[in-house]
Amino acid sequence: MAAKIIVRELTMAYGHLVVMHDLNFEIDDKDIFVIMGGSGCGKSTLLRHLIGLQEPAKGSIFYGDEDFTASDADKRSAFMKRFGVMYQSGALWSSLTLGENISMPLEESGKMNAASVREVVAYKLALVGLSGFEDFYPAQISGGMRKRAAIARAMALDPDILFLDEPSSGLDPLSSRRLEDLILGLRDSQGSTIVIVTHELASIFSIGTKALFLDTATKTQGAIGPPCELRDHSDNPAVRLFLNRGDTPATPPP
Amino acid sequence: MPAKPHPPPSAAWKQDGEELTLELAGDWKRDGPEVKVSGKPLDSRLPTFYNLNQLGAYDSSLPAFLFAHFRSIASSEKDKTEQPTLDGLPAKLRGLLALALAVPEESGTSLPTDADSVLGKLGLMTLSFFGKVQSFLEFAGLTVLSLARFCMGRARFRTSDFWMVLQQCGADALPIVALISFLIGLILAFVGNVQLTHFGANLYVADLVGIAMVREMGVVMTAIIMSGRTGAAFAAQIGSMKANEEIDALRTFGFNPFDFLVLPRLLALVLMMPLLTIYADVIGILGGMLVGSSEGIPPELYWNETLASLDMTNSSLGVIKSVFFGATIAMSGCMMGMQAGKSSAAVGEATTQAVVASITAIVVLDSAFAAIFTLLDI
């Protein structure tokens, strides 16, 4: 299976402050790839690098065979149309209704007529369980609903790759579970590759197919692999400690 | 029965050979008297024993005192591995201190402070000034590019947004512009009338108010009102969108945030400022007319005198300036919003900076215009 996203020797920095260095990993087609690590380790920064909002201090990001980092603005813009991004805060455009939030990318991206746009908007909102909320403004709905609406907007243009930044943080367990079911459903039915930034263990184990651990102490990647395998057999004690909530044997079991 | 007196808190260090005992006594309360410390050893050392026979009640001030001592020793010694002994302390206090000492102090977390020396401060100010000039030039360049895209029909923004901004900085601003302009016309006429009456030339109040309004006061007052009203609103709107990652969201959908947010605001204000200026001029003249009529100048005569004093050149100067002032206000507001930090405090700061920057720029520009018009003998 061809790797969809390949990251090579990536160093992320704010000015002279290096956040993470020498990241090397691959994300395959239809993976639910989890970027995990402690608070402030650079998970969201890595996501911003993957979607082109921040430039690497060093290294490259490839999408298929194309070098995303080296591409010019036009080419990059074409790449970005294949992405759907849900931001940590939702980032719904607050002056627009939920319906308008989803319809704006649709209207601007093609020549769909108004009736078709309305149908797609209704369908996307129904996918995330928000049927009938088209005319509500983001400020008029709850935090969990905002997260779901943000996912609906991220899916507006049927992206190949869906990036979700802390989708279940701050949600009650039931809403969180519904969101996970939604993510699995999207992967299975739409065939999207999904990249999730999270530090919620329940989500990591229940939906993640591959996980990358960012180690704050060494400022580089601690481990990569299926989450359950990392929890039980990783040779990096920091990874086992993280995935077992601090309860871990000193050495990995054989 | 009288209340039991609270003995003052004290800490006494007693050295006996190699052993160092810390005697803690009295009531350690946040709102109590100051702690008396005596006999502190010259070399920083950890206590080996505690004497708590005289210790009364205590709150967080006691563990805070001990913690500060332990941390000061840890930071002064290279070998930070030595853990202070907590034996002999009450169990509750021991638990709290063990909790506080469990994670060592993170090094390198202190933020860089500003330079202390005058030369250093001057250097920082110079760098900051050049940084601001550079970011302004960059923003101006992006504005020109965005306008070029607009002229070629390649700039994308929502027309509904444009109409909304047009209404906000046009029709919605009419009442406040009318009030201020009317009062300015009134004030000019009052002041002029007092002086001109001495010469029996109070009819020329109409000339004074007319020329002052259309050349300077109409456009400058409108620009100042719009800086406080619309420039601040632009900075706040765009700044809060930035704090909420809404601008990033625009970018990932392939929208150019500059075309989407700055362009409609710039176009709307550049279109509306000349109209608002003409409106302010007329209202200001009406204010002067009110004073004139109260001083015995018939409105018709006042109006005719005003028309006689104004020619096309005079009348168009303010309107020409208003286009530049409109662009300045929109650019200041949008620039401060786009450059705002990602917090609510940063949005407030951006709003203030937008107003200060645009008012300063308006006054500087107006002075430049005055110099140019004088040189051109207009």
Side-chain angles (χ1 to χ4, degrees), chain A residues 15-18 40 44-45 47-48 50-54 73-97 100-110 138-139 146 149-150 153-157 159 161-163 165-166 216-217 219 246, chain B residues 102-104 106-112 127 131 142 145-146 149 153-165 167-168 233-234 236-261 263-265 337-338 341-344 346-347:
Chain A
H16 294 296
L17 179 75
V18 173
S44 297
T45 308
L47 188 101
R48 292 175 68 82
L50 292 178
I51 58 180
L53 289 179
Q54 258 173 266
D74 286 343
K75 210 165 182 184
R76 191 175 277 209
S77 171
F79 266 124
M80 285 165 87
K81 283 185 182 149
R82 294 167 50 200
F83 303 162
V85 186
M86 192 217 101
Y87 291 86
Q88 199 169 346
S89 59
L92 292 165
W93 297 305
S94 46
S95 59
L96 307 182
T97 61
E100 287 169 336
N101 260 282
I102 300 170
S103 66
M104 193 168 89
L106 292 167
E107 284 162 356
E108 297 294 328
S109 70
R146 267 201 291 275
R153 187 184 64 179
M155 296 187 313
L157 301 178
I161 310 163
L162 198 55
F163 294 92
D165 193 353
E166 309 230 359
T216 323
K219 292 196 170 178
Chain B
V103 181
E106 189 74 33
S107 58
T109 49
S110 55
L111 294 171
L127 284 175
L142 288 170
L145 286 176
S146 188
R149 278 196 297 274
R154 284 176 51 203
R156 286 190 303 166
F157 58 81
R158 275 162 59 96
T159 38
S160 57
D161 279 356
F162 172 69
W163 291 116
M164 183 67 81
V165 181
Q167 182 189 329
Q168 281 169 0
F234 287 175
Q237 285 164 359
I238 296 176
S240 51
M241 282 185 79
K242 191 171 180 201
N244 195 28
E245 297 180 297
E246 291 177 41
I247 293 183
D248 288 339
L250 281 174
R251 214 168 262 142
T252 37
F253 275 113
F255 298 114
N256 183 330
F258 214 89
D259 293 357
F260 216 81
L261 299 172
L263 200 55
R265 286 170 171 78
M338 293 291 259
K342 290 188 168 183
S343 69
S344 49
V347 175

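As the structure is a prediction and not an experimental result, all values here were calculated from the model. Protein chains get the first letters and strands the later ones, always in sequence-line order, with residue 1 at the start of each. All values below were derived from every heavy atom in this structure, side-chain atoms included, with hydrogens, water molecules and symmetry-related copies excluded.
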With rounding to the nearest 0.5 angstrom, report the [atom1] to [atom2] distance, [X] to [Y].
X        : Y        : atom1 : atom2 : answer
A:Ser89  : B:Lys342 : OG    : NZ    : 8.5 Å
A:Ile51  : B:Thr252 : CD1   : OG1   : 5.5 Å
A:Met104 : B:Phe253 : CE    : CZ    : 8.5 Å
B:Glu245 : A:Asp165 : CD    : CG    : 6.5 Å
A:Asn101 : B:Glu246 : CG    : CD    : 8.0 Å

message: As an exercise: rank A:Gly84, A:Ala78, A:Pro105 by heavy-atom pairs under 4.5 Å with chain B and give me the winner.
response: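 Maximum pair count with chain B is reached by A:Pro105.
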- request: Please name the pair of heavy atoms, one in B:Asp248 and one in A:Tyr87, separated by the smallest distance, quoted to 0.1 Å.
  value: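 That closest heavy-atom pairing would be O-OH, 3.0 Å.
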- request: Considering non-hydrogen atoms only, spot the tightest contact between B:Ala249 and A:Ala91 and give its length.
  value: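 For B:Ala249 and A:Ala91, the tightest heavy-atom pair comes out as CB-O, 3.9 Å.
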For [X], which atoms come within 4.5 Å of any heavy atom of chain B: side chain, backbone, both, or neither?
X        : value
A:Arg153 : both
A:Leu157 : side chain
A:Met86  : neither

message: Please determine whether the number of non-hydrogen atoms from other residues, nucleotides or ligands lying under 6.0 Å from atom CZ of B:Arg154 exceeds 12.
response: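 Not buried by this count: 12 neighbours or fewer within 6.0 Å.
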- prompt: For B:Ile247, is it the side chain, the backbone, both, or neither that has a heavy atom closer than 4.5 Å to a heavy atom of chain A?
  reply: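 For B:Ile247, neither part sits under 4.5 Å from chain A.
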- prompt: Can you say whether B:Arg251 sits under 4.5 Å from chain A via the side chain, the backbone, both, or neither, judging by heavy atoms?
  reply: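 B:Arg251 touches chain A through backbone and side-chain heavy atoms alike.
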